[in-house]
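These notes are about the structure you will find just below.
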Amino acid sequence: MSARIIDGKEFAARLRARVAATTAELKSAHGITPGLAVVLVGEDPASAVYVKSKGKAAHEDGLRAYDIRHPATLSQEALLAQIRDLNADASVHGILVQMPLPSQIDPQAIIAAIDPLKDVDGFHPLNAGRLMSGEYGVSHGLVACTPLGCMMLLKDVLGDLTGKDAVVIGRSNIVGKPIAQLLLQESCTVTIAHSRTRDLAALCARADILVAAVGRAEMVRGSWIKPGATIIDVGINRIEVDGKNKLVGDVAYAEAAEIAGAITPVPGGVGPMTIACLLRNTVVAAALQAGLNPPAI
Ligand code: NDP
């Protein structure tokens, strides 16, 4: 069998077209230009690339982007003061603080200081709780961007997910746990695996839906996969092949594509969905802050 390739790049382009159309509508009907502030502390090159691409994408879709940079020596108190300013700034509807932060700053303290209505990353404990309680989900609220993007792709490929066996490998707050919650909301039977899970291969072999969010290059082998399963590969790993840098996922793609029914490639699968969902969340946040019905994007 040769798997259908889930084209995240193409899906993200369609999502961003809807974001741009909704942004234009918010401007013309309500005089609101959704504003996204991206805060970078330090000079980590990978973080700088992410921040730049987020700002560029926001501009392209008609949002206002604020690119805020601080030296790596910034104190926690100074960053908290910056967050308070952004919370109070009515032209800023979404606040994203790029992680990781330097060691003198506690990321949880920063996330908790962001106004939950401006928390476009969906990491604030209140928004995580709303996801857990079912108040927020794939079609409403501020849900973490990568998990939201994964679910949009899954629903596009499979339609109704009811009753499917889903295995999520990884239990981080930013990817594994929120994806598991979203799958549960779609009435999947969800198992969350992690580094202490016994016989991961046998567990994966039962999965109709397998989400890998581990950070270990090509760990999931083709032989672990249930024939016809849908594979969402969140992992982004840099490896060296013949002296050249290459990006690979957590799934051994070539092997898996022989067995699976559908699979996301790396790059070009989940990655483009993350930025598209960040813009989607900013537009939703702008509508919520204006007391409007959140747009269905
Ligand atoms: P974390 O390091 O926070 O979490 C990794 C998880 O994988 C942990 O729960 C860990 O278990 C588990 N794990 C580690 N080794 C194993 C193993 N041998 N078997 C089973 N489980 C294991 O990573 P993130 O969740 O932040 O990210 C995961 C991957 O997704 C990374 O490659 C990251 O780059 C990528 N990513 C991609 C994004 C995108 O836009 N496409 C966005 C965000 C992340 P334990 O808890 O027991 O330690």
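If you're wondering where the values come from, they're calculated on a predicted model, not measured in any experiment. Hydrogens, waters and symmetry mates play no part in the numbers below; they use all other heavy atoms, side chains included. In each ligand, atom 1 is the first atom listed, and ligand 1 is the first ligand listed.
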For ligand 1, find each of its N or O atoms that sits under 3.5 Å from a protein N or O atom, and tabulate the pairs with distances to one decimal place.
{"unit_1": "ligand 1", "atom_1": "9 (O)", "unit_2": "R171", "atom_2": "N", "d": "2.8"}
{"unit_1": "ligand 1", "atom_1": "11 (O)", "unit_2": "S195", "atom_2": "N", "d": "3.2"}
{"unit_1": "ligand 1", "atom_1": "21 (N)", "unit_2": "H194", "atom_2": "O", "d": "3.4"}
{"unit_1": "ligand 1", "atom_1": "21 (N)", "unit_2": "S195", "atom_2": "N", "d": "3.3"}
{"unit_1": "ligand 1", "atom_1": "25 (O)", "unit_2": "S172", "atom_2": "OG", "d": "2.5"}
{"unit_1": "ligand 1", "atom_1": "32 (O)", "unit_2": "I236", "atom_2": "N", "d": "3.1"}
{"unit_1": "ligand 1", "atom_1": "40 (O)", "unit_2": "T274", "atom_2": "OG1", "d": "2.7"}
{"unit_1": "ligand 1", "atom_1": "46 (O)", "unit_2": "R171", "atom_2": "NE", "d": "2.7"}
{"unit_1": "ligand 1", "atom_1": "47 (O)", "unit_2": "R171", "atom_2": "NE", "d": "3.3"}
{"unit_1": "ligand 1", "atom_1": "47 (O)", "unit_2": "R171", "atom_2": "NH2", "d": "2.8"}
{"unit_1": "ligand 1", "atom_1": "47 (O)", "unit_2": "S195", "atom_2": "N", "d": "3.2"}
{"unit_1": "ligand 1", "atom_1": "47 (O)", "unit_2": "S195", "atom_2": "OG", "d": "2.5"}

Q. Can you list the residues that meet the side-chain hydrogen bond (donor to acceptor under 3.5 Å, both in side chains) rule with E25, with sequence neighbours excluded?
A. none
**Q.** Inter-residue atom distance Y136.OH - L142.CG, 0.5 Å rounding
**A.** 5.0 Å
Q: Could you list all the side-chain hydrogen bond (donor to acceptor under 3.5 Å, both in side chains) pairs where at least one residue sits in residues 202-227, not counting sequence neighbours?
A: D208-K226, R221-E255
Q. Around I5, counting heavy atoms of other residues, nucleotides and ligands shown, do more than 12 lie under 6.0 Å from its CD1?
A. no
Q. So do the side chains of V234 and D250 get within less than 4.5 Å of each other, counting heavy atoms only?
A. no
**Q.** Of all pairs that satisfy side-chain hydrogen bond (donor to acceptor under 3.5 Å, both in side chains), the ones with a partner from residues 141-151, not counting sequence neighbours
**A.** T146-T274
